[in-house]
Amino acid sequence: MSSGEEQGREQAGGGLVISPLPEGVEPGKVQVKVIEQFNNPLLQRKEVKAIVYHVGLPTPQRLQLREELAKALGSNPELTYVTHVYTQYGVGVSRIEVHVYFDKNTAELVEPLYVRLRNMPKDQAKKIRDELKSRRKSEKKPAAKGK
């Protein structure tokens, strides 16, 4: 059985009963609880694992998760990148993994492009993807004709 924080289940009268929500969690609100932080000086970032409660709501988008976690940690949302979101179906609880960088240059060097694009507004990410596609097309050379 899991702890009370993680929506444990108990056998009661032959059926499954979902345990009550942890203290302070309200249905209809997105709330973040940091469960683990690791300071990684080599990559100049903080690696954070958190639980997001979104009972009665769909899984929040990365931009919203990014804002909520930055608020919880007191960091800059532009230096916060949500790398993974793991959601359990029907429970309203997600586990997230996040990288919080100390400066923007390091974030651009270390974090892969696809993660940076996922953490941008859709119109801005589409513009960058289109620019990369057009750049690749213009760099392609015509195939050499064989004899």
Side-chain angles (χ1 to χ4, degrees), residues 1-10 15-144:
M1 294 287 156
S2 61
S3 69
E5 290 181 355
E6 293 188 52
Q7 298 281 330
R9 294 186 176 164
E10 304 170 2
L16 288 177
V17 177
I18 297 177
S19 65
L21 294 173
E23 268 185 55
V25 175
E26 299 175 29
K29 284 189 174 181
V30 175
Q31 293 174 304
V32 177
K33 182 176 183 183
V34 176
I35 56 172
E36 187 180 327
Q37 285 188 43
F38 174 72
N39 213 5
N40 190 335
L42 183 64
L43 296 176
Q44 298 179 9
R45 70 182 181 197
K46 229 187 294 188
E47 297 170 5
V48 179
K49 293 182 182 179
I51 295 178
V52 178
Y53 296 98
H54 49 91
V55 180
L57 298 172
T59 304
Q61 293 186 357
R62 286 177 191 260
L63 289 175
Q64 184 181 1
L65 291 173
R66 186 179 183 185
E67 294 289 329
E68 292 290 329
L69 195 71
K71 196 183 328 176
L73 293 172
S75 64
N76 183 353
E78 291 182 7
L79 301 177
T80 305
Y81 295 92
V82 178
T83 57
H84 296 290
V85 179
Y86 305 101
T87 302
Q88 288 184 315
Y89 179 76
V91 179
V93 177
S94 300
R95 283 185 313 113
I96 61 172
E97 295 177 8
V98 180
H99 295 157
V100 181
Y101 288 89
F102 301 137
D103 65 48
K104 193 170 179 89
N105 292 334
T106 305
E108 289 176 1
L109 285 173
V110 175
E111 206 61 47
L113 179 62
Y114 76 93
V115 172
R116 292 192 320 239
L117 290 173
R118 284 180 183 174
N119 284 274
M120 288 181 185
K122 289 189 181 202
D123 57 337
Q124 193 177 8
K126 182 174 175 18
K127 184 174 144 185
I128 292 172
R129 283 187 186 104
D130 291 342
E131 183 180 310
L132 288 173
K133 282 181 186 177
S134 65
R135 192 180 305 162
R136 283 187 203 131
K137 284 182 181 178
S138 67
E139 288 177 0
K140 282 187 179 177
K141 295 180 182 176

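- For the atom pair OG1 of Thr83 and CD of Glu111, the computed distance is 7.0 Å after rounding to the nearest 0.5 Å.
- The aromatic rings of Tyr101 and His99 lie perpendicular to each other, with more than 60° between the two planes, well past the 30° mark.
- In this structure, the side chains of Arg116 and Glu108 come closer than 4.5 Å at one or more pairs of heavy atoms.
- Note that the CG atom of Asn39 and the CD atom of Gln44 stand 10.5 Å from one another [nearest 0.5 Å].
- The minimum heavy-atom distance between Val85 and Ser94, with the atom names listed, is CG1-CB, 4.3 Å.
- In this structure, CE in Met120 is found 14.5 Å from NZ in Lys126, a value given to the nearest 0.5 Å.
- Between the side chain of Arg45 and the backbone N or O of Ala107 there is no donor-acceptor pair closer than 3.5 Å.
- With respect to the salt-bridge test (charged N to carboxylate O, under 4.0 angstrom), the residues Lys127 and Asp123 do not qualify.
- For the pair Leu73/Thr80, no side-chain contact is recorded, criterion being any heavy-atom separation below 4.5 Å from C-beta on.
- For the pair Tyr86 and Glu97, the minimum side-chain heavy-atom distance is below 4.5 Å.
- Contact between Leu79 and Asp103 at its shortest, heavy atoms only, is CD2-C, 3.7 Å.
- For Glu78, the CD atom counts as loosely surrounded, since its 6.0 Å shell holds 12 or fewer non-hydrogen atoms of other residues, nucleotides or ligands.
- The side chain to side chain donor-acceptor pair (under 3.5 Å) analysis of residues 59-70, with sequence neighbours excluded, yields the pairs Thr59-Thr87.
- For the pair Thr106 and Leu43, the minimum side-chain heavy-atom distance is 4.5 Å or more.
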Margin query: Would Ile128 and Glu131 count as a side-chain contact (heavy atoms from CB on, under 4.5 Å) here? Give the steps.
Written below: CA-CA 5 Å; Ile128 292 172; Glu131 183 180 310; 5.6 Å; no
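- Nearest heavy atoms, Ala50 versus Val32: CB-CG1, 4.0 Å.
- Screening Leu65, Val48, Leu63 for a side-chain contact (heavy atoms from CB on, under 4.5 Å) involving Val82 leaves a single residue, Leu65.
- Of all the heavy atoms in Leu117 and Ala125, the pair that sits closest is O-CB, 3.6 Å.
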